[in-house]
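In what follows, a single structure is set out as structure tokens and then discussed.
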Amino acid sequence: MLGKLEQPEIEALLSRQVTGRLGCHAEGTTYVVPVNYVYKNGIIYAHSGPGKKIEMMRKNPKVCFEVDDIKNIFSWKSVIAWGTFEEITDIAEQEQTMQLLIHRVMPLVEHATDHPSHGITANEYDIGDKIDLIVYKIRIDKVTGRFEHH
């Protein structure tokens with residue numbers, strides 16, 4: 001059976017997942033890349049080093065974001081969200097966002113010395129100092145969800 005996810009199921013899936021795919025488009029090029037994220041109150045929070053996705057989102061802040069939970073080809077849930085990229089430049093908000101990301105991602109790390117991605121440090125006070133890091137949020141404007149279950 002195919003169906004639409006209701007808003008509580010959409011919120012649950014966005015909150016439960018830790019990796020999503022970010023789609024951006026600028027100057028005739030579309031780019032989709034996986035990112036670690038935290039979802040809270042209609043906003044996706046993430047971070048990145050400088051690079052292609054940041055350059056593209058600065059040129060065109062309208063983005064698409066997708067998460068899914070796939071058990072098999074006949075049992076899955078998927079959410080697609082459209083929103084607007086905003087770079088977080090306030091130091092206090094950057095630190096709060098990195099705290100959210102660290103607390104969400106670090107429990108999933110297998111070895112204490114592992115760093116799951118660039119820019120995640122044991123000490124959030126290293127940000128801006130020792131790490132070239134861009135912290136950002138995506139304000140969701142529209143969201144849809146689908147599922148299949150047999």
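The structure presented is a predicted model; accordingly, all values stated were derived computationally and were not measured.
- Atom CG of Leu5 and atom OG1 of Thr144 lie 9.0 Å apart (nearest 0.5 Å).
- A heavy-atom distance below 4.5 Å is found between the side chains of Ile134 and Glu87.
- Because its NZ or CZ atom is both nearer than 6.0 Å to the ring centre of Tyr31 and within 45° of the ring axis, Lys52 counts as a cation-pi partner of that residue.
- No path of Ile, Leu, Val, Met, Phe, Trp and Tyr side chains, each step under 4.5 Å between heavy atoms, connects Val32 with Ile54, placing them in separate hydrophobic clusters.
- Considering only heavy atoms from C-beta on, Arg146 stays 4.5 Å or farther from Lys77 through its side chain.
- Other residues, nucleotides and ligands contribute only 12 or fewer heavy atoms inside 6.0 Å of the CD atom of Glu6.
- Contact check for Ile80 versus Val143: no side-chain heavy atoms found under the 4.5 Å cut-off.
- Atom NE2 in His150 sits 8.5 Å away from atom CD1 in Ile73 (nearest 0.5 Å).
- Side chains of Glu95 and Gln99: a donor-acceptor N/O pair is absent below 3.5 angstrom, by distance only.
- In the model, Lys53 has a side-chain atom that pairs as donor or acceptor with a side-chain atom of Ser48 under 3.5 Å.
- Lys137 and Thr97 share no donor-acceptor pair across their side chains, judged by distance under 3.5 Å alone.
- Placement of Val18 and Leu14 in two distinct hydrophobic clusters is found when ILVMFWY residues are connected by side-chain heavy-atom separations under 4.5 Å, directly or transitively.
- When side chains are defined from C-beta on, Ile43 does not count as touching Ile140, because their heavy atoms never get closer than 4.5 Å.
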Practice prompt. Dump the intermediate steps for side-chain contact (heavy atoms from CB on, under 4.5 Å) on Phe147 and Met1, then the final yes or no.
Written response: CA-CA 8 Å; Phe147 72 88; Met1 171 169 102; 3.9 Å; yes
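- Within the 6.0 Å centre-distance limit, the rings of Tyr37 and Phe65 are counted as a close aromatic pair.
- Under the 4.0 Å criterion applied to side-chain N and carboxylate O atoms, Lys71 and Asp69 are assigned as salt-bridge partners.
- Nearest heavy-atom pair, Gly145 versus Ile10, reported as atom, atom and distance to 0.1 Å: N-CD1, 3.7 Å.
- Checked against side chain to side chain contact (heavy atoms under 4.5 Å, CB included), Val38 has the following partners two or more places apart in sequence or in another chain: Leu100, Leu101, Arg104.
- A distance-only check finds no donor-acceptor pair linking the side chain of Asp68 to the backbone of Ile70 [under 3.5 Å].
- The side-chain hydrogen bond (donor to acceptor under 3.5 Å, both in side chains) search around Glu55 returns none, not counting sequence neighbours.
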Discussion item. Let's go through Glu86 and Arg139 carefully: what are the C-alpha distance in whole Å and the side-chain angles of both, what is the deciding distance for salt bridge (Lys or Arg N to Asp or Glu O under 4.0 Å) to 0.1 Å, and is it a yes or a no?
Written reply: CA-CA 8 Å; Glu86 288 180 32; Arg139 291 188 188 277; 2.6 Å; yes
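- We find that Lys59 and Glu27 are joined by a salt bridge, their nearest charged nitrogen and carboxylate oxygen being less than 4.0 Å apart.
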Item to complete: Evaluate the side-chain contact (heavy atoms from CB on, under 4.5 Å) criterion for residues Lys62 and Thr84: first the C-alpha distance (whole Å), next the side-chain angles of each, then the deciding distance (0.1 Å), finally the verdict.
Response: CA-CA 5 Å; Lys62 294 297 184 185; Thr84 306; 2.9 Å; yes
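- Counted by atom type alone, Glu148 and Ser75 present zero donor-acceptor pairs between their side chains at under 3.5 Å.
- A 4.5 Å side-chain heavy-atom check between Leu22 and Met57 finds at least one atom pair inside the cut-off.
- Inter-residue side-chain proximity for Leu133 and Met98 is flagged as met; some heavy-atom pair is nearer than 4.5 Å.
- Glu66 contributes atom CD, which lies 10.5 Å from atom CH2 of Trp82 (distance to the nearest 0.5 angstrom).
- Rounded to the nearest 0.5 Å, atoms CE (Met56) and CZ (Arg58) are 13.5 Å apart.
- With a 4.5 Å cut-off on side-chain heavy atoms, Val67 and Leu13 count as touching.
- Residue Thr19 comes nearest to Pro34 through the heavy atom pair CG2-CB, 4.2 Å, listed as atom of the first residue, atom of the second, then distance.
- Nearest heavy-atom pair, Ile138 versus Tyr136, reported as atom, atom and distance to 0.1 Å: CD1-CE1, 4.2 Å.
- Under the 4.5 Å side-chain heavy-atom criterion for Ile, Leu, Val, Met, Phe, Trp and Tyr, Val79 and Val35 are members of the same hydrophobic cluster.
- The closest side-chain heavy-atom distance from Glu11 to Tyr39 is below 4.5 Å.
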